[in-house]
Amino acid sequence: MTFAKFETLFLDKYFPTPLRLAKEQEFLNLKQGTMTVTQYATKFEKLSRYAQTVVATEDKKARRCEWGLTTARRAMVAQAFPTYSGVVKCALRLESEENDFKSRWKKATSNTSGPIRTQPSNNNRGPYPAKPFISIRNNQPWKIAALGRGEPQRGGRDVATVQCFN
């Protein structure tokens, strides 16, 4: 008796075809969802043995793993890593950076009532000049006139203003 014949008989007796097909379908539908990358990779490895034809090559395995990642990670990992391990390493790195960002954000906002604002609420204040007011009357063309050149305004900056000519 050959090993292939033995394997077929063994699988038919202890692992029926409907159960094998269900596991293969579970693999085909596998998505990361709320799992961590480590949990997803572990489940991917366990279920991939039921779909050997789907992940026959390293490239196919990498693409299938990439396909199951969350949308944001899939977009970042889609740098065409040729190997499964490359996809997993990149996804783990992205997950780590995401977790670091979330923890820093949580830490920064925990002592305040909201996010820390770096710009003043009134845009006319601060180091930047006010935006010029542009007006068009009766569909007449407007022209830009550089006024105030040579006269430093707002912290030594020259400001070009816009005027509407009648």
Side-chain angles (χ1 to χ4, degrees), residues 3-4 6-8 10-134 152-160 162:
F3 182 75
F6 170 76
E7 184 179 28
T8 303
F10 181 83
L11 290 176
D12 287 342
K13 183 172 183 175
Y14 295 105
F15 196 53
T17 303
L19 187 56
R20 277 185 283 171
L21 291 174
K23 287 291 189 182
E24 182 178 352
Q25 192 61 45
E26 185 180 351
F27 172 74
L28 294 174
N29 295 330
L30 181 63
K31 299 244 186 203
Q32 182 183 1
T34 58
M35 291 185 277
T36 65
V37 173
T38 305
Q39 291 168 334
Y40 170 70
T42 302
K43 194 165 189 175
F44 182 90
E45 283 291 323
K46 284 182 182 178
L47 292 174
S48 68
R49 69 180 77 153
Y50 301 111
Q52 290 295 321
T53 57
V54 177
V55 291
T57 66
E58 188 68 22
D59 187 57
K60 286 183 177 181
K61 190 174 183 180
R63 298 296 72 81
R64 175 55 70 168
C65 177
E66 187 178 287
W67 177 83
L69 292 171
T70 59
T71 306
R73 287 200 187 97
R74 188 177 339 148
M76 297 298 289
V77 172
Q79 299 172 11
F81 286 96
T83 63
Y84 167 73
S85 61
V87 170
V88 172
K89 284 177 187 177
C90 181
L92 283 169
R93 196 173 332 112
L94 289 170
E95 182 179 59
S96 175
E97 289 174 7
E98 183 179 298
N99 289 339
D100 288 347
F101 175 78
K102 284 179 181 179
S103 66
R104 282 186 279 130
W105 179 259
K106 188 175 182 180
K107 188 183 217 182
T109 59
S110 65
N111 297 331
T112 62
S113 60
I116 299 169
R117 302 201 184 273
T118 57
Q119 293 181 341
S121 59
N122 183 351
N123 287 337
N124 291 333
R125 297 183 187 163
Y128 304 105
K131 291 182 181 176
F133 176 74
I134 299 174
Q153 297 176 2
R154 292 196 183 232
R157 291 182 178 85
D158 290 340
V159 179
V162 177

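Index from 1, following the sequence. Atom set for the values below is all heavy atoms of this structure, side chains included, hydrogens, waters and symmetry mates excluded.
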Q. Salt-bridged, Lys102 to Glu95, with N to O below 4.0 Å?
A. no

**Q.** Where Thr70 and Gly33 come nearest, the two heavy atoms and their spacing
**A.** CG2-O, 3.6 Å

Q | Pairs involving residues 14-23, ordered by first then second residue, that meet side-chain hydrogen bond (donor to acceptor under 3.5 Å, both in side chains) (sequence neighbours left out) | A | Asp12-Arg20, Thr17-Arg20

Q | Option among Leu92, Val87, Leu94, Val88 that satisfies the side chain to side chain contact (heavy atoms under 4.5 Å, CB included) test with Cys90 | A | Leu94

Q) In Å, rounded to the nearest 0.5 Å, how long is the span from CZ of Phe44 to NZ of Lys61? A) 6.5 Å

Q.
Distance check, rounded to the nearest 0.5 Å: Leu28 atom CG versus Tyr50 atom OH?
A. 13.5 Å

Q: Enter the distance from Glu26:CD to Lys46:NZ here, rounded to the nearest 0.5 Å.
A: 11.0 Å

Q.
How long is the straight-line distance from CE of Met35 back to CD of Gln32, given to the nearest 0.5 Å?
A. 7.0 Å

Q | Taking every non-hydrogen atom, the tightest pair across Cys65 and Tyr84 | A | SG-CE1, 3.6 Å

Q. How many angstroms lie between CD in Glu45 and CZ in Phe27, if you round to the nearest 0.5 Å?
A. 9.0 Å

Q | Minimum-distance pair of heavy atoms, taken over all atoms of Leu30 and Trp67 | A | O-CZ3, 3.7 Å

Q) Ion pair present between Asp59 and Arg63, side-chain N to carboxylate O less than 4.0 angstrom? A) yes

Q) Is Glu24 reaching over with its side chain to a backbone N or O of Ala51, donor-acceptor style, under 3.5 angstrom? A) no

**Q.** 4.5 Å side-chain heavy-atom contact, Phe101 and Glu98
**A.** no

